> 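So that we are looking at the same thing, I have put the structure below in structure tokens.
Bear in mind the structure is a predicted one, so any value in this text is a computation, not a measurement.
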Amino acid sequence: MQERDPAWYQSLCTYDIKNMILYAVRNHQSLVGFIWAANFDAAKMVQIKETLELTSFLIAAVIANHQLVSKLEEKSTIDGLTQVSSRNAMNDRVDRFVAGAEQLPAVMGVAFADLNGLKTVNDDEGHEAGDRLLARAGSLLKLAFGDYEIYRAGGDEFVILCPGITEEKLEHLIRQLRSLADSTDVSFAVGSVYASGDYDIRKVLHTADERMYKDKQEYYRQHPEKDRYRQQK
């Protein structure tokens with residue numbers, strides 16, 4: 001041992017360790033630590049070994065359970081396709097504001113961003129192509145609004161909450177998002193609201209949604225060939 005690990009050997013000598021039982025704590029075959037007993041009564045070796053073995057098993061089980069809970073929490077708050085926050089996370093955030101469990105920021109920028117033409121892609125190229133388009137949309141949103149809260153509200157709709165932002169910066173980030181999208185095959189309809197003072201977060205969200213819808217109507221007015229819903233009527 002002295003040659004294999006001199007530092008550990010020296011520490012054992014420093015604490016006058018005469019005997020030791022060492023058990024590894026593993027999680028999915030990965031070593032995460034050790035548990036041991038030292039300078040024990042040799043007559044109780046069997047009991048000590050059984051105790052350490054059981055303890056190491058319980059510790060590993062607690063670690064595995066913690067990791068499982070963390071993964072479940074992540075799945076409930078992160079959208080698997082776009083890797084932005086999920087609708088559940090958004091609803092929880094808004095509900096906390098409404099209930100007063102969390103104080104509303106003094107100023108809040110809200111943007112609704114909805115993909116244009118997703119149904120056309122799904123119909124013409126298949127849903128896998130549509131999923132790839134959604135994933136690219138999520139990446140662009142993170143490039144533009146990476147410092148703020150991005151949620152996939154459902155389907156092709158995203159919501160961005162920007163607490164503490166200035167109105168000028170909110171407008172700049174929206175222009176930046178449109179510019180990024182223009183260099184790709186992604187197109188967003190965007191509606192935004194800048195709120196300050198005494199505001200109702202639900203009304204702000206509703207107004208931003210209405211403005212996004214008007215922007216989408218204008219997009220399809222200019223590109224009627226991409227309005228698959230209207231073509232099917």
Side-chain angles (χ1 to χ4, degrees), residues 77-95 97 108-163 165 167 169-195 199-233:
T77 58
I78 301 296
D79 178 64
L81 178 60
T82 61
Q83 294 302 299
V84 300
S85 297
S86 68
R87 183 181 183 87
N88 287 339
M90 182 186 74
N91 288 340
D92 181 65
R93 182 83 156 123
V94 173
D95 287 346
F97 283 143
M108 173 75 84
V110 174
F112 271 62
D114 194 280
L115 270 178
N116 291 319
L118 178 62
K119 180 169 174 55
T120 302
V121 173
N122 283 335
D123 290 348
D124 294 348
E125 303 176 43
H127 285 275
E128 288 187 3
D131 286 348
R132 290 193 294 270
L133 182 63
L134 281 165
R136 291 194 292 276
S139 296
L140 293 180
L141 285 164
K142 285 187 283 187
L143 282 173
F145 288 94
D147 293 333
Y148 297 98
E149 304 168 27
I150 307 167
Y151 303 91
R152 184 183 178 194
D156 53 4
E157 187 173 80
F158 298 85
V159 175
I160 305 101
L161 300 183
C162 306
I165 197 171
E167 189 169 8
K169 186 173 182 179
L170 176 64
E171 293 173 354
H172 167 73
L173 292 182
I174 291 172
R175 289 195 300 271
Q176 180 174 286
L177 176 64
R178 293 189 188 276
S179 177
L180 287 168
D182 286 343
S183 64
T184 71
D185 60 345
V186 178
S187 173
F188 289 106
V190 182
S192 65
V193 174
Y194 184 76
Y199 59 93
D200 184 327
I201 187 64
R202 290 172 296 189
K203 290 182 179 179
V204 170
L205 288 165
H206 180 70
T207 302
D209 187 29
E210 287 183 330
R211 291 177 180 177
M212 179 276 293
Y213 184 69
K214 289 181 180 179
D215 191 43
K216 180 174 283 289
Q217 286 181 314
E218 177 61 21
Y219 173 82
Y220 285 126
R221 187 187 67 79
Q222 297 181 19
H223 304 87
E225 74 283 357
K226 295 186 178 182
D227 191 353
R228 192 58 53 89
Y229 288 104
R230 181 170 296 177
Q231 292 173 13
Q232 291 177 347
K233 290 183 179 180

> Within this structure, what is the CG-CG distance for the pair Asp156 and Asp114, rounded to the nearest 0.5 Å?
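Here the interatomic distance stands at 4.0 Å.
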
> Quick one, Lys214 and Glu210 - any side-chain contact, counting heavy atoms below 4.5 Å?
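SC-SC contact between Lys214 and Glu210 ruled out.
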
> Supply the atom-to-atom distance Asp79 CG to Asn88 CG, rounded to the nearest 0.5 angstrom.
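Interatomic distance, Asp79 CG to Asn88 CG, rounded to 0.5 Å: 10.5 Å.
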
> Could you tell me the separation between the OG1 atom of Thr82 and the CZ atom of Arg152, rounded to the nearest 0.5 Å?
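Answer rounded to 0.5 Å: 5.5 Å.
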
> Without swapping roles, check the side chain of Tyr199 against the backbone of Tyr194 for a donor-acceptor pair under 3.5 Å.
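Pair absent, no side-chain N/O of Tyr199 close to backbone of Tyr194.
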
> Of all the heavy-atom pairs spanning Asn122 and Gly130, show the shortest one and how long it is.
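Minimum heavy-atom separation between Asn122 and Gly130: OD1-CA, 3.2 Å.
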
> For Glu149 and Pro163, which heavy atoms make the closest approach, and how far apart are they?
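Smallest heavy-atom distance, with atoms named: OE2-CG, 3.7 Å.
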
> Would Val110 and Leu161 satisfy side-chain contact (heavy atoms from CB on, under 4.5 Å), going step by step from the backbone distance to the final call?
CA-CA 5 Å; Val110 174; Leu161 300 183; 3.8 Å; yes

> Identify, with sequence neighbours excluded, every residue that meets side chain to side chain contact (heavy atoms under 4.5 Å, CB included) alongside Asn116.
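Partners of Asn116 under the side chain to side chain contact (heavy atoms under 4.5 Å, CB included) test: Ser187, Ala189, Lys216, Tyr219, Tyr220.
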
> Just verifying a value: how many Å separate Ile174 CD1 and Phe145 CZ, rounded to the nearest 0.5 Å?
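Ile174 CD1 to Phe145 CZ: 5.0 Å, rounded to 0.5 Å.
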
> Testing the basics here: between Cys162 and Leu170, what is the closest heavy-atom pair and its distance to 0.1 Å?
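Closest pair (atom of Cys162, atom of Leu170, distance): SG-CD1, 4.3 Å.
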
> For the atom pair CG (Leu115) and CZ (Phe188), what is the distance rounded to the nearest 0.5 Å?
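So the CG of Leu115 and the CZ of Phe188 are separated by 5.5 Å.
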
> Could you list all the side-chain hydrogen bond (donor to acceptor under 3.5 Å, both in side chains) pairs where at least one residue sits in residues 131-147, not counting sequence neighbours?
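Qualifying pairs: Arg136-Asp185.
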
> Below 4.5 Å, heavy atoms only, C-beta onward: do Asp209 and Val159 meet side chain to side chain?
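Heavy-atom side-chain distance check fails, nothing below 4.5 Å.
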
> Test side-chain contact (heavy atoms from CB on, under 4.5 Å) on Phe112 and Arg211 and set out the steps.
CA-CA 8 Å; Phe112 271 62; Arg211 291 177 180 177; over 6 Å; no

> Any chance you could lay out the side-chain contact (heavy atoms from CB on, under 4.5 Å) test for Leu141 and Tyr151, step after step, and finish with the verdict?
CA-CA 10 Å; Leu141 285 164; Tyr151 303 91; over 6 Å; no

> Taking all non-hydrogen atoms of both residues, which atom of Ala113 and which atom of Leu177 are closest, and how far apart?
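In this case the closest contact between Ala113 and Leu177 is CB-CD2, 4.5 Å.
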
> With rounding to the nearest 0.5 angstrom, report the CG to CG distance, Leu133 to Leu81.
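Atom-to-atom, Leu133:CG and Leu81:CG are 10.0 Å apart.
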
> Taking all non-hydrogen atoms of both residues into account, name the closest pair between Ala153 and Met90 and its distance.
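Shortest heavy-atom contact: CB-CE, 4.0 Å.
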
> Quick one: which residue pairs count as a salt bridge (Lys or Arg N to Asp or Glu O under 4.0 Å) with a foot in residues 172-183, not counting sequence neighbours?
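Only Arg178-Asp215 qualify under salt bridge (Lys or Arg N to Asp or Glu O under 4.0 Å).
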
> Tell me, yes or no, whether the heavy-atom count around Glu128 atom CD, taken from other residues, nucleotides or ligands under 6.0 Å, exceeds 12.
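At most 12 heavy atoms, drawn from other residues, nucleotides or ligands, come within 6.0 Å of this atom.
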
